[in-house]
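These numbers come from the heavy atoms of this one structure, side chains and all, not from hydrogens, waters or symmetry mates. Within every chain, numbering begins at 1; the chains are lettered A, B, ... in the order of the sequence lines, protein sequences first and strands thereafter.
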2 protein chains.
Amino acid sequence: MEAAKDANLQLNYYQKEDQVLLAVDCIIFGFDKEDLKILLVKRNLEPEKGKWSLIGGFLKKNENLDQAAVRVLKTLTGLSDIYMEQLHTYSNVDRDPGQRTISVAYYALIDVNAHRFGDIQMDSANWFDVKKAPHLIFDHNEMVQKAIARLRRRALTKPIGFELLPEKFTMRQLQTLYESILDKKLDKRNFINKINSLDVLVKLNEKDMTVSRKGSYLYVFDKEKYEKKVEEDGFNFKI
Amino acid sequence: MEAAKDANLQLNYYQKEDQVLLAVDCIIFGFDKEDLKILLVKRNLEPEKGKWSLIGGFLKKNENLDQAAVRVLKTLTGLSDIYMEQLHTYSNVDRDPGQRTISVAYYALIDVNAHRFGDIQMDSANWFDVKKAPHLIFDHNEMVQKAIARLRRRALTKPIGFELLPEKFTMRQLQTLYESILDKKLDKRNFINKINSLDVLVKLNEKDMTVSRKGSYLYVFDKEKYEKKVEEDGFNFKI
DNA sequence: ACAAAAGTGTTTGTCATACACCCATGA
DNA sequence: TCATGGGTGTATGACAAACACTTTTGT
């Protein structure tokens with residue numbers, strides 16, 4: 001076990017030198033009628049001051065990364081109780097030209113309309129269509145690409161799309177959401193048949209009259225039913 | 001952008017306090033005739049001295065995490081040129097009772113028989129059947145579980161299973177490998193039909209005579225062909 | 001009456017699954 | 001000759017994909 005002993009020596013030896021700054025960066029997804037969007041902010045410190053960036057912050061001693069991500073999101077946007085998932089850890093030596101920093105990327109899904117952005121000044125923050133996002137600092141574009149790929153896979157196998165919609169939504173909204181996530185058109189009848197066959201939505205006796213004259217029925221996602229099906233039947237959500 | 005300014009102040013304020021030790025831990029998978037295995041070592045330092053553990057080490061200032069993972073694997077086993085993938089970052093405050101440490105888990109796939117374990121003393125390291133692994137220190141069992149789940153998904157959609165086999169292998173070996181990864185029996189004819197339909201193996205004029213009297217044909221994975229298919233036809237490897 | 005979106009089933013093709021016998025060889 | 005693993009094809013069912021017309025209602 002000599003090798004492990006060396007590692008141990010390294011631990012002692014490098015105890016100070018090898019400590020690094022750990023950051024958390026958040027890719028915040030939203031959905032606004034038609035398009036999948038991400039929330040970006042204008043960085044107001046050097047280096048790269050004035051450039052578009054993901055929101056981020058640093059890990060504190062008394063919290064784990066999930067908690068740091070929640071805190072960062074809450075601090076910078078006022079939002080809490082949000083779906084978040086760890087994505088990947090980025091560690092290139094020169095990724096941040098200011099200082100060696102390791103960044104753990106998270107992505108978040110939020111219902112754009114249900115939240116007020118109290119703490120954020122919207123002149124220095126903006127929603128961008130994911131397909132038209134500007135160039136971002138450091139490796140943030142790479143993070144965004146990975147987040148989109150992950151969201152695509154997740155949305156096909158877990159009921160996380162609903163996190164991006166209002167509590168009550170129409171079938172058309174749900175379809176448009178999936179079309180924007182997958183970046184391809186879906187067949188209306190096949191989509192509705194598939195969703196209905198999953199049997200996790202409740203159709204309300206209530207219509208959204210804002211889009212068409214006829215109006216379209218509203219649905220809600222029945223989370224309890226979904227979880228019960230998963231537990232009892234090993235149900236697999238699959239779009 | 002007041003909030004971001006606060007974050008900036010925190011950066012300056014916490015520049016020293018908030019630095020943390022970053023470790024890399026490796027789940028090393030191997031396949032030995034019948035079973036999927038992981039390589040574990042006996043820890044020889046406190047805390048938890050003598051307990052089974054993943055191999056690990058600390059990130060250095062002049063390398064990124066991928067390089068650290070490669071280095072740790074090389075240092076502790078003598079192996080290089082190995083398939084590795086970042087898995088997840090573990091950060092609970094008290095995960096390591098000795099000192100606050102964040103650990104980035106990687107998993108590696110190795111061909112057990114093609115490598116000599118020069119630097120490792122096998123009395124303090126051992127291959128364990130993944131289904132019979134002992135209790136591990138810290139959150140290492142959790143890491144192993146996540147690695148198995150990831151390997152399962154990856155092996156179904158990317159040709160990484162071959163990393164666990166000798167260069168030349170029989171259909172039966174390949175099938176047994178997948179059975180051990182997926183932890184379920186597969187139908188022999190269906191499996192062979194599916195593999196053949198993928199059209200990325202080359203059947204050699206050479207038989208493995210060590211198992212049966214009849215002998216069974218050896219195959220090799222044609223990586224160039226696979227990559228060409230992916231690039232030209234958007235081919236999807238799918239078991 | 002017409003424009004605009006909502007709502008609704010069937011057919012077809014593809015892919016996954018289930019399944020059983022003969023072959024080659026060494027002992 | 002027999003025991004052992006190797007090798008091979010077809011039939012069925014399930015699910016995915018393609019596809020067009022009627023309904024409702026406000027203007």
Pairs under 3.5 angstrom, nitrogen or oxygen only, protein versus nucleotides 2-8 of chain C, please.
from: C:dA6; atom 1: N3; to: A:Lys214; atom 2: NZ; distance (Å): 3.2
from: C:dG7; atom 1: OP1; to: A:Tyr217; atom 2: N; distance (Å): 3.0
from: C:dG7; atom 1: N7; to: A:Lys188; atom 2: NZ; distance (Å): 3.0
from: C:dG7; atom 1: O6; to: A:Lys188; atom 2: NZ; distance (Å): 3.0

Determine all donor-acceptor pairs shorter than 3.5 Å in which one atom belongs to a side chain in residues 227-239 of chain B; sequence neighbours excluded.
from: B:Lys229; atom 1: NZ; to: B:Leu198; atom 2: O; distance (Å): 3.2

Using atom CG of A:Asn193 as one end and atom C1' of C:dT11 as the other, report the distance to the nearest whole Å.
13 Å
Only pairs under 3.5 Å count here: list side-chain donor-acceptor contacts from residues 177-192 of chain A, not counting sequence neighbours, and write none if there are none.
from: A:Tyr178; atom 1: OH; to: A:Ala155; atom 2: O; distance (Å): 3.0
from: A:Glu179; atom 1: OE2; to: A:Gln175; atom 2: NE2; distance (Å): 3.2
from: A:Glu179; atom 1: OE2; to: A:Leu186; atom 2: N; distance (Å): 2.9
from: A:Ser180; atom 1: OG; to: A:Leu177; atom 2: O; distance (Å): 2.7
from: A:Asp183; atom 1: OD1; to: A:Lys131; atom 2: NZ; distance (Å): 3.0
from: A:Asp187; atom 1: OD2; to: A:Arg189; atom 2: N; distance (Å): 3.1
from: A:Asp187; atom 1: OD2; to: A:Asn190; atom 2: N; distance (Å): 2.8

Measure from the side-chain N and O atoms of A:Asn92 to the backbone N and O of A:Arg95, and report whether any donor-acceptor pair falls under 3.5 Å.
no
Taking atom types as modelled and ignoring hydrogens, do the side chains of A:Glu85 and A:Tyr83 form a donor-acceptor contact shorter than 3.5 angstrom?
yes
Take atom CG of B:Leu186 and atom P of C:dC19, then tell me their distance rounded to the nearest Å.
15 Å
With B:Tyr219 via ring-ring contact (aromatic ring centres under 6.0 Å, His included) - residues at least two apart:
none
I want to confirm an ordering. Mapping A:Lys238 and B:Asn190 to their closest nucleotides on DNA chain D, which one lands closer to the 5' end?
B:Asn190
Drop me the distance from A:Leu109's CG to A:Met84's CE, to the nearest 0.5 angstrom.
9.5 Å
Could you walk me through whether A:Phe162 and A:Phe169 pass the ring pair (Phe, Tyr, Trp, His ring centres under 6.0 Å) check?
CA-CA 9 Å; A:Phe162 306 112; A:Phe169 52 87; 5.5 Å; yes
Can you tell me the distance, in whole Å, between the NZ atom of B:Lys184 and the P atom of C:dA16?
12 Å
Partner set under ring-ring contact (aromatic ring centres under 6.0 Å, His included) for A:Phe128, not counting sequence neighbours:
A:Trp52
Going 5' to 3' along DNA chain D, between which two nucleotides do contacts with chain B fall, using a heavy-atom cut-off of 4.0 Å?
D:dT4 to D:dG9
